[in-house]
Structures are given as C-alpha cells and as structure tokens.
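Heads up: the structure comes next, in structure tokens.
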Amino acid sequence: MSQIPMTVQGAQRLRDELHELKTVKRPAIIEAIAEAREHGDLKENAEYHAAREAQGFCEGRIQDIEGKLSNAQIIDISKLNNNGKVIFGSTVTILNLDSEEEVTYKIVGDDEADIKNNLISVNSPIARGLIGKSQDDVVNITTPSGVVEFEITDVQYV
C-alpha cells in the first residue's frame, strides 16, 4: 500500500480514537454481549444481536485506524522553513478576486478533511490548484460553479 499523508494533529486524533475504542468501547460491548447471553435464547435476543453488530463496527473501525496509521506518512509542517510555497499541511489564505471574499484553509489528509473547520483534503480541487504555488500568485481553480480566480494572500506553516 502507498503512504497516506497525514498531519501530526490528524495522526494524534486517530491514535486517541483507537485508544478509546480499545479501552472503553470494546470492553463495554463485550460486557453487553455477556449480559445479553444470560437472557437465554440467542435466536430471538435483540440485545444480543445489537451488541454483536456494535462489536463488528467497533472491530472494523479498529482495523481501519490501525491500517491508516501503519501506512501514514506523518508530516510536521511546523518544522519546515516557510518559503511562501503552498505544500501539504500549510495554512493558506486566498482571496476570491470576483467576490472579494477571503477564506483560510489548512491542507490536510483525506481522513482529516472537515470543510466546516476549513480543513480541506490535499486531493480536493482547491488544494490541487494551490499546491506548489506561492504567496501573491493568482490561480484559476475549477469549481462546481465554474472557473474562479483566487489570489494567495498568505501562506503559514503552523
């Protein structure tokens, strides 16, 4: 498998979730299964089936996280010298030249992307259009509403 780029914060969030699943949720589900078994007939025991389903989801998520972390290429942007270029992990402020609207995005891995918190995937059209460009560059990015012209007003490595 290929390496998956991930920020330090994204990797830590996955490690925290993995710890929570293994130390809190997994034991709680095992306890729920044991309790449901005590009720008798497993064929018609809805609590048992619900607990087994929850166990399947929990184990699947644990495997998913462990797989992502084992293939993660963790990039600590704060340790790099800021040369004004947009790279993975950088925080970029762009100005829409048509609407004069300014927005700031952090370019992160696919699993970390959260548009509500201005975290965009490195594979998103906006990020792909910005990667490799420098501060004060003007870029044309194809969006669902057509081609939009942006100016990169600030690039931070935080």
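What you see below is based on every heavy atom in this structure, not just the backbone, and it leaves out hydrogens, waters and symmetry mates. For the single chain, residues carry numbers from 1 onward in sequence order. What you are looking at is a predicted structure, and each value in this text was computed from that prediction instead of being measured.
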Please tabulate, for side-chain N and O atoms in residues 125-142, each donor-acceptor pair with protein atoms closer than 3.5 Å (sequence neighbours left out).
unit_1, atom_1, unit_2, atom_2, d
Arg128, NH1, Asn123, O, 2.4
Gln135, NE2, Thr153, O, 3.3
Asp137, OD2, Ser134, N, 2.9

Which Ile, Leu, Val, Met, Phe, Trp or Tyr residues join [X] in one cluster when any pair of side-chain heavy atoms under 4.5 Å counts as a link?
X	answer
Val24	none
Leu18	Met6, Leu14, Leu21, Ile62, Ile65, Leu69
Val108	Leu119
Phe57	none

Calculate, to the nearest 0.5 Å, the distance between atoms [atom1] and [atom2] belonging to [X] and [Y] respectively.
X	Y	atom1	atom2	value
Ser124	Asp110	OG	CG	9.0 Å
Cys58	Glu53	SG	CD	13.0 Å
Asp98	Glu100	CG	CD	8.5 Å
Asp76	Thr7	CG	OG1	9.0 Å
Lys106	Phe88	NZ	CZ	8.5 Å

For Lys116, check salt bridge (Lys or Arg N to Asp or Glu O under 4.0 Å) against everything at least two apart and list the hits.
none

Checking Lys68 now: which residues fulfil salt bridge (Lys or Arg N to Asp or Glu O under 4.0 Å) with it, not counting sequence neighbours?
Asp64, Asp111

Does atom NE2 of His19 have more than 12 heavy-atom neighbours, drawn from other residues, nucleotides or ligands, at distances under 6.0 Å?
no

Result of checking Ile107, Asp114, Val92 against Ile120 for side chain to side chain contact (heavy atoms under 4.5 Å, CB included):
Ile107

Please name all residues satisfying side-chain contact (heavy atoms from CB on, under 4.5 Å) with Gln12, sequence neighbours left out, ordered by chain then number.
Arg15, Asp16

Among all residues two or more places apart in sequence or in another chain, which pass the side-chain contact (heavy atoms from CB on, under 4.5 Å) test with Ser99?
Asn96, Glu101

Taking the side chain as every heavy atom from C-beta outward, state whether Asn81 and Tyr157 have any pair of such atoms under 4.5 Å apart.
no

Listed by chain and number, what are the side chain to side chain donor-acceptor pair (under 3.5 Å) partners of Glu17, not counting sequence neighbours?
Arg61

Minimum heavy-atom distance Ile77-Gly89, with the two atoms named:
CG2-O, 3.5 Å

Mind jotting down which residue pairs meet the side chain to side chain donor-acceptor pair (under 3.5 Å) criterion with at least one end in residues 84-93? Sequence neighbours excluded, please.
Thr93-Thr104

Kindly indicate, with the supporting measurements, whether the criterion side chain to side chain contact (heavy atoms under 4.5 Å, CB included) is fulfilled by Glu59 and Arg26.
CA-CA 8 Å; Glu59 295 302 322; Arg26 184 187 268 170; 2.9 Å; yes

Give the table of side-chain donor-acceptor pairs shorter than 3.5 Å for residues 28-40, with sequence neighbours excluded, one pair per line with atom names and distance.
unit_1, atom_1, unit_2, atom_2, d
His39, ND1, Glu47, OE1, 3.1

